[in-house]
Amino acid sequence: MPNNEIVLENTPPMAELGIIPHKSCTAIAERVNDYLLQWRQERKSDQSIITLAGYRSDSYIVKADCPRFGSGEAKGIINQSVRGLDLYILVDVTNYSLTYSVCGHENHMSPDDIFCDLKRIIAAAMGKAKRITVIIPFLYEGRQHRRSARESLDCAMALQELVNMGVDNIITFDAHDPRVQNAIPLHSFETVSPTYQFLKAILKNCKDLTLDNDHLMIISPDEGGTKRAVYMASVLGVNVGMFYKRRDYSRIVDGRNPIVAHEFLGNDVAGKDVIIVDDMISSGESMIDVATELKKRNAKRIFVVATFGLFTNGMEKFDKAVADGIIYKVVTTNLTYLTDEVLNKDYFIKCDMSKYIAYIIDTLNHECSISELLNPYGRIEKLITKYKNGEY
């Protein structure tokens, strides 16, 4: 049950709940729905709260689809009424496993295609929902968050499109740069950190970690991720280190200046377990380069931790890094699409985020504050105490 259960028991929901999962994230949406069904069946509340129409339901999932014409064009369809619902739309723009037909040819859906489907679903609701919240774990175009030449500001444009269509809240996880919310300063934008889930998964799968300065260190692979590394190191009470990428600014390769070397700033890592934490693993080259540099400095076990495991170049490099003893474990969430190949790796640890999303939806539907969910310091402290006492 949610940690703030007493508050939820005594606060009526703002409207009947509805969840629309895009086909890119049906699996995690079903688990979210199961948690909500369980909690609301068990909840002991004032009768005026639990007898609200639809509060205790067989399912909160609203059936919707985005079928396509033979030309590849699509439309959004919602197959039941959403009038007056507190509506939550879940979408994973990175799910490249989805396909559609264009004039007899099979196309894989791109992030652009999936984002357009999101807009189609919002348009199909026709403004009838009481409130619309979009949960988009991997923020669409989040890496194009600033302009450094004659470039389009795609993330800012996407956020403005959503709020102009009537979206009230946008919830994402570990945004590449949270300052993108400046594009919509008068609207609700939350970026959620999965630090607690990371630590929970690591401690569950590794029972011999020593959580102190002499045995553990948190590393940021670049200057942009320093804040999340500092937070994790602070709650664990250990030191933090950072790499910065020395680039060759005289050349441009594949649209960017090539990295010449990774330079390290921090204390000695010799003999220590190391957690490298970042927002995403794309090709994985930077993470493996950083892990290799740490091994040269005689680091012990290296945990590669990222919110989003995209693995755009496959798993071969990680297989080799693990076989060579460079990487010990790879830890990511299930907020983005993961292939069976990734899930079946013995060195891979998956952090299930469905319960966390269910907490957020349940709390927001009751019009309660989610500040406790956004700052998990208290839960992390309890987890560490249990682990040190051998209770976890």
### Task
Look up atom OH in Tyr328 and atom CG in Asn205, then write down how far apart they are to the nearest 0.5 Å.
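Atom-to-atom, Tyr328:OH and Asn205:CG are 9.0 Å apart.
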### Ring geometry between Phe138 and Phe308 (parallel below 30°, tilted from 30 to 60°, perpendicular above 60°)
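If you compare the ring of Phe308 with that of Phe138, the planes turn out perpendicular.
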### Query
Hydrophobic clusters join Ile, Leu, Val, Met, Phe, Trp and Tyr when side-chain heavy atoms are under 4.5 Å apart, directly or via other members; which others share one with Ile77?
none
#### Entry: Which residues share a side chain to side chain donor-acceptor pair (under 3.5 Å) with Asp289, sequence neighbours left out
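Partners of Asp289 under the side chain to side chain donor-acceptor pair (under 3.5 Å) test: none.
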### Query
Residues two or more places apart in sequence or in another chain: which of them pass side chain to side chain donor-acceptor pair (under 3.5 Å) with Lys119?
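With sequence neighbours excluded, Lys119 shows a side chain to side chain donor-acceptor pair (under 3.5 Å) to Glu161, given in chain and number order.
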### Query
Thinking salt bridges, do Asp34 and Arg31 make one under a 4.0 Å N-O criterion?
no
#### Entry: Pairing residues for Ser59 by the side chain to side chain contact (heavy atoms under 4.5 Å, CB included) criterion, not counting sequence neighbours
Asn33, Ile61
### Connected hydrophobic set around Tyr337, excluding itself, where side chains approach under 4.5 Å
Tyr96
### Message
The test is side chain to side chain donor-acceptor pair (under 3.5 Å); show your working for Asp174 and Thr307 and say whether it passes.
### Response
CA-CA 7 Å; Asp174 215 350; Thr307 306; 2.6 Å; yes
### Message
According to side chain to side chain donor-acceptor pair (under 3.5 Å), does anything in residues 72-91 pair up with another residue at least two apart or in another chain? List the pairs.
### Response
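Checked against side chain to side chain donor-acceptor pair (under 3.5 Å) - neighbours excluded - the pairs reaching residues 72-91 are Ser71-Glu73, Asp86-Tyr88, Asp86-Arg131, Asp86-Asn365, Tyr88-Arg131.
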#### Entry: Mutual orientation of the aromatic rings belonging to Phe311 and Phe318 [parallel < 30°, tilted 30-60°, perpendicular > 60°]
perpendicular
### Distance in Å, Leu87 CG paired with Asn169 CG, rounded so as to fall on 0.5 Å steps
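Atom-to-atom, Leu87:CG and Asn169:CG are 11.5 Å apart.
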#### Entry: Salt bridge flag under 4.0 Å for residues Lys320 and Glu316
no
### Query
How would you list all residue pairs meeting side chain to side chain donor-acceptor pair (under 3.5 Å) that involve residues 60-69, not counting sequence neighbours?
none
### Task
Looking only at non-hydrogen atoms, find the nearest pair between Gly104 and Ser101 and report the distance.
N-OG, 3.5 Å
### Partners passing side chain to side chain donor-acceptor pair (under 3.5 Å) against Arg251 (at least two apart in sequence or in another chain)
Asp248
### Task
Starting at CE of Met353, measure out to OG1 of Thr332 and round the result to the nearest 0.5 Å.
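Reported value, rounded in 0.5 Å steps: 11.0 Å.
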### Task
Please determine if Arg40 and Asp362 form a salt bridge, counting it only when a charged side-chain N lies under 4.0 Å from a carboxylate O.
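Yes.
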### Query
With ILVMFWY side chains joined below 4.5 Å, transitively, what does Ile252's cluster contain besides itself?
none
### Query
Do the side-chain N and O atoms of Asp112 and Ser110 include a donor-acceptor pair separated by under 3.5 angstrom?
no
### Qualifying side chain to side chain donor-acceptor pair (under 3.5 Å) pairs with a residue from residues 271-281, counting only residues at least two apart or across chains
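Non-adjacent pairs meeting side chain to side chain donor-acceptor pair (under 3.5 Å): His176-Asp279, Arg228-Asp278, Asp273-Arg301.
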### Query
Can you name the residues that form a side chain to side chain donor-acceptor pair (under 3.5 Å) with Gln144, not counting sequence neighbours?
Glu151
### Task
Please lay out, stage by stage, how Lys345 and Asp319 fare under the test salt bridge (Lys or Arg N to Asp or Glu O under 4.0 Å).
CA-CA 9 Å; Lys345 298 293 182 183; Asp319 291 341; 3.0 Å; yes
### Message
Side-chain heavy atoms under 4.5 Å apart, restricted to Ile/Leu/Val/Met/Phe/Trp/Tyr: what other residues fall into the cluster of Val240, or is it alone?
### Response
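Besides Val240, the cluster holds Val230.
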### Task
Could you tell me whether Asp214 atom CG has more than 12 heavy atoms of other residues or ligands within 6.0 Å of it?
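Above 12, so yes.
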### Query
Among His145, Arg143, Glu141, which residue meets the side-chain contact (heavy atoms from CB on, under 4.5 Å) test with Asp154?
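Per the side-chain contact (heavy atoms from CB on, under 4.5 Å) rule, the option paired with Asp154 is Glu141, out of His145, Arg143, Glu141.
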